[in-house]
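Data first, discussion second: the structure below is written as structure tokens.
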Amino acid sequence: IIYPPKSRENMRLKILVVDDEPQFERLMRQRFRKRLRNEEFEFIFAENGQHALQQLEKHPDIDLILSDINMPVMDGLEATRRIRSDVSIDDQPYIVAMTASAMEEDRRACLASGMNLHLCKPITLLVLLKALKQASANRTSARAHPKGTHPGTHSQTSSSASRLEI
């Protein structure tokens, strides 16, 4: 029996996580261990925006970027602007801000830089899973609307249930 190759839509979601907190990688791997084991997700990690650009160059098939905003070397806003200007329109990832910056002007700055979604820390596990599902569902559409113009572009604040403390 010959099986057809997996289509890109059925493959795992390749996620670049950008955060300067050293424990964040361990936390993400722990929280999503079942999905990692089932090959639903593949995580790649970077500790700042500059490292994220390097990782994106090595892995141009990244579907989703979860990025902190305030980091040393290069912040998440500058990294997003560079991705939106330098990456081909067909390869644009869905970008989600994960930040403690809850002010309206911070949210607007994230979306203006080209991010698709703004989440405020601490982020609940349920909200993060919803964002991952949205990114997966909008994979094609997000790439066609990289400047935050996708209809799903918005901001969410987490409730206290199922917090993924970051």
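- In Glu104, the CD atom is crowded: over 12 heavy atoms of neighbouring residues, nucleotides or ligands sit closer than 6.0 Å.
- Between Ile69 and Asp106, every side-chain heavy-atom pair lies at or beyond the 4.5 Å cut-off.
- Looking only at distances, a side-chain donor or acceptor of Asp19 sits under 3.5 Å from a matching main-chain atom of Glu21.
- Screening Ile44, Ile95, Leu13 against Ile62 for a side chain to side chain contact (heavy atoms under 4.5 Å, CB included) leaves a single residue, Ile44.
- Scanning both residues, Ala52 and Leu16, for their nearest heavy atoms gives O-CD2, 3.7 Å.
- No salt bridge links Arg81 with Asp86; every basic N to acidic carboxylate O contact stays at or beyond 4.0 Å.
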Checking side-chain contact (heavy atoms from CB on, under 4.5 Å) for the pair Met98/Asp68: CA distance, chi angles, key distance, verdict? CA-CA 5 Å; Met98 298 186 312; Asp68 191 12; 5.8 Å; no

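- Summarising the geometry of Arg82 relative to Leu53, their closest heavy-atom pair is CD-CD1, 3.7 Å, with the distance given to 0.1 Å.
- To the nearest 0.5 angstrom, Gln92 atom CD is 7.0 Å from Ser88 atom OG.
- Separation of atoms OG1 (Thr80) and CE (Met115) is listed at 3.0 Å; rounding is to 0.5 Å.
- When all heavy atoms of Ile65 and Pro93 are compared, the pair lying nearest together is CD1-CG, 3.7 Å.
- To the nearest 0.5 Å, atoms CG (Leu119) and OG (Ser67) are separated by 11.5 Å.
- Here the side chains of Leu66 and Val18 are not in contact, with every heavy-atom distance at 4.5 Å or above.
- The minimum heavy-atom distance between Leu77 and Ala109, with the atom names listed, is CD2-O, 3.7 Å.
- Under a 3.5 Å cut-off, the side chain of Arg33 and the backbone N or O of Gln30 do form a donor-acceptor pair.
- Here the closest non-hydrogen pair linking Arg107 and Leu111 is NH1-CD1, 2.9 Å.
- To the nearest 0.5 Å, atoms CG (Asn116) and SG (Cys110) are separated by 11.5 Å.
- Glu78 contributes atom CD, which lies 11.0 Å from atom CD of Gln50 (distance to the nearest 0.5 angstrom).
- Sorted by first and then second residue, the pairs that involve residues 36-87 and meet ring pair (Phe, Tyr, Trp, His ring centres under 6.0 Å), not counting sequence neighbours, are Phe32-Phe41, Phe32-Phe43, Phe43-Phe45.
- Ser113 and Arg84 make their closest contact through O-CG, 4.0 Å (heavy atoms, listed as atom of the first residue, atom of the second, distance).
- Once rounded to the nearest 0.5 Å, the distance linking CG of Leu64 with CD of Glu42 reads 12.5 Å.
- Ion pairing between Lys14 and Asp61 holds under the 4.0 Å rule for side-chain N and carboxylate O.
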